Peer 1: 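Quick one: this structure, given as structure tokens, is what I'll be asking you about.
Protein chains get the first letters and strands the later ones, always in sequence-line order, with residue 1 at the start of each. Note that the structure is predicted; figures quoted are calculated from it, not measured.
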Protein chains: 2
Amino acid sequence: MLCFTDVMTNIPSPQNAQVSRGVSGAGEVLQLFLDGNAHSRTDLAALTGMARSTLQERLDTLTQLGLIGLVQEGASTGGRPPQRIALLPEARLILAIDLGASHLRVALSNLASVPQFQAQSPIVLSDGPEVILQAALKLADDLLSKAKRQRDDIIAVGMGVPGPVIFDTGQPANPPIMPGWDRFNIPEWFHQHLDALVIVDNDVNLMALGERNQNDEDNDNFLFVKIATGIGSGIISGGLLQRGAQGTAGDIGHVRIRRGDGIFCHCGNEGCLEAVASGPKIAQALRDQDIEAHSNTDVVDLVAAGNIQAIHAVRQAGRDLGEVLAASVSLLNPSQIVIGGRISAAGEHLLAGIREVVYQRGAPLSTQHLQIRTSRSWEDGALRGASMIALHHALSPQAIEAKATELLAAN
Amino acid sequence: MLCFTDVMTNIPSPQNAQVSRGVSGAGEVLQLFLDGNAHSRTDLAALTGMARSTLQERLDTLTQLGLIGLVQEGASTGGRPPQRIALLPEARLILAIDLGASHLRVALSNLASVPQFQAQSPIVLSDGPEVILQAALKLADDLLSKAKRQRDDIIAVGMGVPGPVIFDTGQPANPPIMPGWDRFNIPEWFHQHLDALVIVDNDVNLMALGERNQNDEDNDNFLFVKIATGIGSGIISGGLLQRGAQGTAGDIGHVRIRRGDGIFCHCGNEGCLEAVASGPKIAQALRDQDIEAHSNTDVVDLVAAGNIQAIHAVRQAGRDLGEVLAASVSLLNPSQIVIGGRISAAGEHLLAGIREVVYQRGAPLSTQHLQIRTSRSWEDGALRGASMIALHHALSPQAIEAKATELLAAN
DNA sequence: CCACTTTTGTCGAGAGTCAATAGAAGTATG
DNA sequence: CATACTTCTATTGACTCTCGACAAAAGTGG
């Protein structure tokens with residue numbers, strides 16, 4: 001029933017991580033450990049349906065790869081206590097990179113997708129890929145020496161960029177705000193310096209993936225919205241991240257809204273959501289009322305300070321966003337909408353505006369179980385997502401199977 | 001969950017054959033025949049990467065199940081001529097049912113998903129499931145005797161209903177226009193009369209699936225829109241039909257549009273697309289101009305006759321629809337939008353209105369390769385889709401594997 | 001009619017998996 | 001503290017499945 005190939009390009013939610021009974025290699029056994037839990041061999045045999053002897057074969061392979069190992073013994077349940085086996089989270093590293101309009105964030109994550117070491121630096125996107133990727137690699141090297149690890153320990157690289165990406169090749173596709181990056185082959189560049197799998201995706205998509213796996217609820221259908229300097233969204237539908245035909249799915253910033261009549265957007269169209277409700281536009285609206293607000297942070301601070309006009313403006317932005325989200329709910333019928341990005345720090349006021357419109361416009365069927373909330377991860381959302389997707393690909397059954405074959409050939 | 005193409009690519013190619021260690025059973029071999037083409041054994045061995053002897057084992061199983069057989073011998077290419085093996089399209093039957101607001105259509109399809117015998121009758125939906133399903137079964141029996149086949153020949157039932165469905169269980173979920181059908185277990189009902197797999201889905205979803213497989217172009221991301229008495233859509237994204245959390249995805253009829261201000265919809269909200277651009281509303285708009293138009297057919301006929309006001313009204317409906325579709329394009333980035341339903345017979349005029357708005361509002365990236373066209377299948381679209389989805393499930397690797405095991409147990 | 005090509009049927013070797021059995025390491029009990 | 005019992009781990013031979021080789025069959029072309 002599930003499309004196996006699609007699992008490649010997405011991170012399944014924990015409850016979907018099942019092993020197909022009967023035929024399963026070392027790669028599929030590994031999947032059982034990805035939740036971070038330790039298991040006894042008997043446990044695993046029951047889970048996979050394999051004979052313990054067969055299972056042992058797989059475990060040997062994974063142990064030789066250094067990915068799993070014994071952890072503390074479990075408590076006896078009346079007989080010999082089980083040896084507990086688990087993923088060794090520090091066995092390898094994931095290099096996560098979040099490229100923003102004006103910043104570069106780099107992190108080293110362990111195999112639990114938790115960023116362990118983190119660094120960032122301001123950049124100028126138009127310096128082009130060569131300069132910026134070099135800077136990213138430099139930061140990575142710094143982190144590596146801080147972590148006392150080496151480049152060889154990096155098993156995969158996950159990178160988020162602020163624009164559409166051809167996911168299969170890892171090339172940015174006509175990114176509006178990334179001059180010089182169009183079709184630049186990012187994975188190829190990394191392969192010259194690292195022997196690792198490289199995954200590139202749109203940053204909002206990565207934030208969506210990162211957010212998704214943070215809660216255990218039904219998250220096969222949800223929408224992540226980033227509201228900051230721009231407005232974008234990542235769509236997870238049917239359990240899979242949706243990228244669309246050209247990788248531009250989720251581009252809600254340029255949907256027309258009612259309050260946008262007569263307001264022109266930098267994209268050349270009239271009445272775009274982004275031309276009305278983005279962080280800079282909220283700030284501008286406040287300046288028009290002689291309130292000092294120049295950045296997204298200013299807006300958030302004003303709201304936090306209880307400034308009435310700022311609260312009003314944010315709530316109105318919420319309504320505007322809600323207009324688009326109401327349509328999205330009709331179209332996609334998600335079970336959750338999560339709001340992230342700098343402006344989402346304005347929390348309840350933004351949500352109030354969104355909810356006001358979405359619950360008014362939405363069909364009862366679609367909205368009765370709909371949750372709308374703010375994101376649980378902040379700046380590091382994209383980094384977490386990047387770690388997760390890179391990890392997922394690097395530890396996919398196919399990838400592990402390939403490594404196992406390699407190992408076998410070497411012996 | 002449906003993925004015709006992905007199932008195909010799931011057959012290990014020669015170079016992957018070593019990695020996936022021959023886990024392909026009879027079920028996966030069958031998938032190679034679903035395109036309707038005949039293959040020689042050597043062909044198949046090359047395609048699957050299996051040894052011919054192994055392949056033969058699988059073919060024996062499928063032959064015993066009666067699903068495949070020898071067809072005419074192929075031409076010699078310099079040596080012994082190959083025996084060509086193909087799916088036997090008449091081996092089993094698919095029962096396809098399309099339940100509409102006021103009609104019931106039933107068809108018997110062969111394994112190529114082509115409806116062979118077809119019948120229909122008017123119904124009253126509110127008579128409830130028992131009466132109507134009985135009527136459907138009666139029609140099916142009539143067709144069976146006409147086809148000189150029996151109930152046992154039916155391998156699967158595919159049924160489309162005009163409302164949301166919990167796909168996994170086949171139960172309608174709070175369908176607005178189907179009183180008495182809520183949570184009725186349709187598959188269970190059929191199981192009392194037929195030993196067949198039963199698949200139930202929303203009718204527009206089925207039309208989308210039916211349309212999808214009619215053209216060979218990239219159709220992993222496309223949107224099917226039905227415009228008739230109501231307006232709805234079926235979403236195929238990432239190669240899969242999207243149903244959403246409650247099965248109500250694609251419900252574009254109740255998205256608010258600009259021209260809808262002050263117009264109230266039967267759903268209780270203001271300004272819904274359906275309250276402005278549906279068939280009955282177009283007819284009403286024409287009547288307001290003292291033009292005799294009472295049905296969808298009247299509207300289509302007037303347009304065909306070149307009536308200026310009707311053309312204008314249809315084009316305007318296209319613009320209204322385009323407004324919603326422009327947002328959908330931003331959100332989903334499809335490569336195709338297909339318009340079906342009764343009103344789509346008004347063809348180019350409707351399309352012109354849609355294109356006008358979509359291409360104006362859409363981002364260049366998303367619209368440069370976007371095709372917008374009318375459907376190629378008409379009344380039988382849902383029947384074709386129902387056949388296809390039922391067939392796909394009935395002949396899925398898993399289902400075939402199960403049947404093969406059964407067969408083995410019997411021997 | 002014979003050499004050559006291509007496809008089809010058969011069978012033993014080898015790889016991989018399983019279930020059984022023996023052994024190890026604990027707990028409960030008198 | 002010895003014994004019975006429980007639970008987990010290690011090993012091994014039997015069994016199943018798949019592969020590749022080989023031989024036969026059924027054509028073509030000179």
Peer 1: How would you list, by chain and number, every residue that makes a side chain to side chain contact (heavy atoms under 4.5 Å, CB included) with A:Thr42, sequence neighbours excluded?
Peer 2: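 A:Ser40, A:Arg52.
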Peer 1: Should the side chain of A:Ser53 and the base of D:dA10 be counted as holding a donor-acceptor pair, with the cut-off at 3.5 Å?
Peer 2: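 By the distance-only test, no, there is no pair.
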Peer 1: Please report, rounded to the nearest Å, how far the C1' atom of C:dT6 is from the CZ atom of B:Arg84.
Peer 2: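 Between C1' of C:dT6 and CZ of B:Arg84: 14 Å.
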Peer 1: Using whole Å, report how far CG of B:Leu59 lies from P of D:dT18.
Peer 2: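 In whole Å, D:dT18 P and B:Leu59 CG are 13 Å from each other.
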Peer 1: Using OP1 and OP2 only, check whether a side-chain N or O of B:Thr54 sits under 4.0 Å from D:dC19.
Peer 2: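 The answer is yes; a side-chain N or O of B:Thr54 sits under 4.0 Å from OP1 or OP2.
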Peer 1: Measure the distance from CZ on B:Arg80 to P on C:dT7 and round it to the nearest whole Å.
Peer 2: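 From B:Arg80 CZ to C:dT7 P: 10 Å.
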Peer 1: What is the distance, rounded to the nearest whole Å, between atom CD of A:Gln56 and atom C1' of D:dC8?
Peer 2: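 Interatomic distance, CD of A:Gln56 to C1' of D:dC8: 11 Å.
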Peer 1: Taking atom types as modelled, is there a side-chain donor on B:Gln56 or B:Asp60 under 3.5 Å from an acceptor on the other?
Peer 2: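 Short answer, yes.
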Peer 1: Side chain of A:Ala51, heavy atoms from C-beta onward: which of D:dA24, C:dA19, D:dC19 has the nearest atom to it?
Peer 2: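 Closest nucleotide to the A:Ala51 side chain: C:dA19.
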Peer 1: With a 4.0 Å cutoff (strictly under), does any side-chain N or O of B:Arg41 reach OP1 or OP2 of C:dG9?
Peer 2: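 Indeed, a polar side-chain atom of B:Arg41 lies that close.
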Peer 1: Measure from the side-chain heavy atoms of B:Thr42 and tell me the nearest of C:dT7, D:dC8, D:dT11.
Peer 2: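 Of the options given, the side chain of B:Thr42 lies nearest C:dT7.
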Peer 1: Take the protein atom CG of A:Leu55 and the nucleotide atom P of C:dC18, then report the distance between them rounded to whole Å.
Peer 2: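 That distance rounds to 10 Å.
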Peer 1: Using whole Å, what does the distance between atom C1' of nucleotide D:dT9 and atom CG of A:Asp43 come to?
Peer 2: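 Result: 15 Å.
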Peer 1: Looking for any heavy atom pair under 4.0 Å, which part of the strands does B:Gln83 touch: base, sugar-phosphate only, or nothing?
Peer 2: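 Result for B:Gln83 = sugar-phosphate.
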Peer 1: Nearest to the side chain of B:Arg58, which nucleotide is it out of C:dT8, D:dT9, D:dT18?
Peer 2: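 Out of C:dT8, D:dT9, D:dT18, the nucleotide with an atom closest to B:Arg58's side chain is D:dT18.
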Peer 1: Flag the pair B:Arg84 and B:Asp43 as a salt bridge only when some basic side-chain nitrogen lies within less than 4.0 angstrom of an acidic carboxylate oxygen.
Peer 2: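 Answer for the salt bridge query: no.
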Peer 1: Look at the side chain of B:Pro81 and decide which nucleotide, out of D:dA26, C:dT8, D:dT18, has an atom nearest to it.
Peer 2: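 Of D:dA26, C:dT8, D:dT18, D:dA26 is nearest to the side chain of B:Pro81.
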Peer 1: Expressed as a whole number of angstroms, how long is the span from B:Glu57:CD to C:dT10:C1'?
Peer 2: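 My rounded result for the distance is 12 Å.
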Peer 1: Just to verify, what does A:Ala394 make a side chain to side chain contact (heavy atoms under 4.5 Å, CB included) with, not counting sequence neighbours?
Peer 2: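 Side chain to side chain contact (heavy atoms under 4.5 Å, CB included) list for A:Ala394, sorted by chain: A:Ile155, A:Ala156, A:Leu197.
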Peer 1: List the steps and the verdict of side-chain hydrogen bond (donor to acceptor under 3.5 Å, both in side chains) for B:Ser237 and B:Gln242.
Peer 2: CA-CA 7 Å; B:Ser237 183; B:Gln242 302 299 330; 4.9 Å; no
Peer 1: Can you measure A:Leu70 atom CG to D:dC8 atom P for me and round it to whole angstrom units?
Peer 2: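 Whole-Å distance recorded here is 15 Å.
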Peer 1: Taking only side-chain N and O atoms of A:Arg52, does any of them lie within less than 4.0 angstrom of OP1 or OP2 on C:dA19?
Peer 2: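 A:Arg52 to C:dA19 OP1/OP2: no side-chain N or O under 4.0 Å.
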